[in-house]
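Convention: sequence-line order gives letters A, B, ...; per-chain numbering from 1. As a basis for the values below, the full set of heavy atoms in this structure was taken, side chains included, without hydrogen atoms, waters or symmetry mates.
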Amino acid sequence: MLDPKLIRTQPDKVRLALKNREYKPSQVDEFLAQDETWRRTISESDQLKQERNTASEEIGRLKKGGQNSEAKQEEVRKINDRIKALDANLKVLEEKLNQLLLYFPNIPHETVPIGLDASGNHVVSSWGEEKKFSFPLKPHWEIGEKLGILDFARAAKLSGSMFSLYMGLGAKLQRGLIQFMLDFHVKNHGYTEVYPPYLVRPEIMVGTGQLPKFKEEMYHCDADDLYLIPTAEVPVTNLHRDEILSIQDLPKYYVAYSACFRREAGAAGADTRGLQRLHQFDKVELVKTVIPESSYEEHEKLLKNAEAILQSLELRYRVLLLCTGDMGFSAAKCYDLEVWCQASQKWAEVSSCSNFEDFQARRANIRFRRDPKSKPEFAHTLNASGLALPRIMMAILENYQQPDGSVTIPEILRPYMDGRKQIP
RNA sequence: GGAGAGGUGGCCGAGCGGUCUAAGGCGGUCGCCUGCUAAGCGACUAUGUGGGCUUAAACCCGCAUCGUGGGUUCAAAUCCCACCCUCUCCGCCA
């Protein structure tokens, strides 16, 4: 959420941000008009309430002194009628204003390139070399099915398309990857491990920005009005919702494994083969809550933390700085990590590393105090996948495949596979 | 699912129509006192929001907030209704 004061005092800045993000700048004018009316109305209502409060005290005094207060009471009744009308109006205005506010995307940071879509993203770095293979490469689904570690047919029987089913060493590798990533971030990067609930209340989804705008993307349990999380970011960022943290508590570094559930409503037909795009997948997520002046430094560190996983797995990847038109709704700045899948000849996104500044903190009301005397301020929140499992699995299968159809296990994962060097 | 208890400031906890500008305590901040520390003494100590002033902060004037939403009343933490949540016991269950 943006600071309403920012829209009031610097509407041009917000209009420009909206335009760069391919949103309609007229959103600003709609807000300003409503806001103006709201402020006029609340000011009028507050003044009448003041009159009422004064009169009520007067009535109290009259009654205590045994005097007649009927005239005064009648006066207040009339004031109350006017207040009632104004407040009914206010309620509608506030609802509308809040709704408008929730649909403003974040303002891009000044270092974010301006661009229309993915073609405007900048490649800022890359790591690793393309491997040379002397035999025809198979796509990951073929490798997985042949080895009996992936079974898409049975996954579809159980749940439909865009679901995965791991068997045997595949399932073990999946579990090993999760454990490796969690251990790695806890031991080497100082994160605290969290295991969150997968179902959350609607306001939690509003806090991180999934709702109200992206309702169609979410699985919802109607009977209980709970949403299945699309990422651990949602519950973990909201951990400190409605709290005022002390500055000594910051920064907070959390790492959480969770399953992630996405309807992929807008993506029908795209990347449906194999592990590329799924309704349910596993992810290890990094979440930080920090003080505002350190958030960009923390953002760079966060990116390095996510990169370290790819490096340990010895997977070739590149880092993209997303442009204004391609960046997610809540982010002020975002890097994407893309892993190279040799057989598919494709870069696959395995992490989005975002700084949200105070955008989520405002929605979720996450604050801190610099010292016991000072006013609470909104914290900054950040997160990065560290990493998303299916596309890592794709990359491992495709890049570590052998001529005989087996797959070498990356060295760092072997302790999690009983020392095994390859599958089978 | 059934029965009961309860939701009050950073925390504990009193209040059950106007004196709530929320008692008291804990914690915190500042000061005093004191060889040092501890103890003691004193003051201060919620948030949001509209407006004023200001470069800004501070500050000043309002309004709102005692789980949430309605209602009664001139006046609600306090009375009424609905809902949500937490805890305890029972039942069921991984």
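Pair assignment for A57(B) gives none, since no Watson-Crick or G-U wobble pairing has each distance under 3.5 Å. With a 3.5 Å ceiling on both atom-pair distances, the Watson-Crick or G-U wobble partner of C83(B) is G67(B). Across the strands present, A43(B) finds its partner in U29(B); the criterion is a Watson-Crick or G-U wobble pair with both atom distances under 3.5 angstrom. Shown here, C89(B) forms a base pair with G2(B); the pair counts as Watson-Crick or G-U wobble because both key distances fall under 3.5 Å. Figure legend. U37(B) is base-paired to no nucleotide; pairs are counted as Watson-Crick or G-U wobble with both atom distances under 3.5 Å. Pairing for U49(B) goes to G62(B), judged as Watson-Crick or G-U wobble with the two contacts each under 3.5 Å. In this entry G9(B) has no Watson-Crick or G-U wobble partner, no candidate having both defining distances under 3.5 Å. Across the strands present, C74(B) finds its partner in G18(B); the criterion is a Watson-Crick or G-U wobble pair with both atom distances under 3.5 angstrom.
A distance of 9.5 Å separates CZ of Phe368(A) from CG of Leu245(A), quoted to the nearest 0.5 Å. If you take NZ on Lys288(A) and OG1 on Thr237(A), they are separated by 13.0 Å, rounding to the nearest 0.5 Å.
Ring centers of His380(A) and Phe359(A): at least 6.0 Å apart, outside the cut-off. Between Tyr400(A) and His140(A), a ring centre-to-centre spacing not shorter than 6.0 Å is recorded. Ring centroids of Tyr227(A) and Tyr219(A) are separated by 6.0 Å or more, keeping the two rings apart. Ring-centre distance between Phe261(A) and Phe281(A): not below the 6.0 Å cut-off.
Using a 4.0 Å heavy-atom cutoff across all strands shown, Asn80(A) reaches sugar-phosphate atoms only and no base atom. Counting non-hydrogen atoms under 4.0 angstrom, Arg367(A) reaches the backbone sugars and phosphates but no base. Lys78(A) comes within contact range of no nucleotide atom at all, as no heavy-atom separation falls under 4.0 Å.
Comparing the same atom, P, in G13(B) and in G17(B) gives a spacing of 22 Å after rounding to whole Å. Straight-line distance between the P atoms of A77(B) and G69(B): roughly 13 Å, to the nearest whole Å. Nucleotides G10(B) and C33(B) are separated by 33 Å at their P atoms, to the nearest Å. Atom C1' of G18(B) sits at a distance of 6 Å from the matching atom of A75(B), rounded to the whole Å. Between the P atoms of U55(B) and U49(B), the separation comes to 23 Å (whole Å). Comparing the same atom, P, in C61(B) and in C74(B) gives a spacing of 30 Å after rounding to whole Å. Across the C1' atoms, C30(B) and U8(B) are found 28 Å apart, a figure rounded to whole Å. Taking the C1' atoms as reference points, C90(B) lies 25 Å from C83(B), given to the whole Å.
Classification of the His189(A)-Phe184(A) ring pair by plane angle, with boundaries at 30° and 60°, yields perpendicular.
Here the range on RNA chain B touched by chain A, meaning any atom under 4.0 Å from one of its heavy atoms, is G18(B) to C85(B).
Looking at Glu357(A) and His109(A), their side chains come closer than 4.5 Å, going by heavy atoms from C-beta outward.
With the nearest nucleotide of RNA chain B identified for both Ile244(A) and Lys72(A), Ile244(A) has the one nearer the 5' end. Take the nearest nucleotide of RNA chain B for Val76(A) and for Asp35(A): the residue whose nucleotide is more 5' is Asp35(A).
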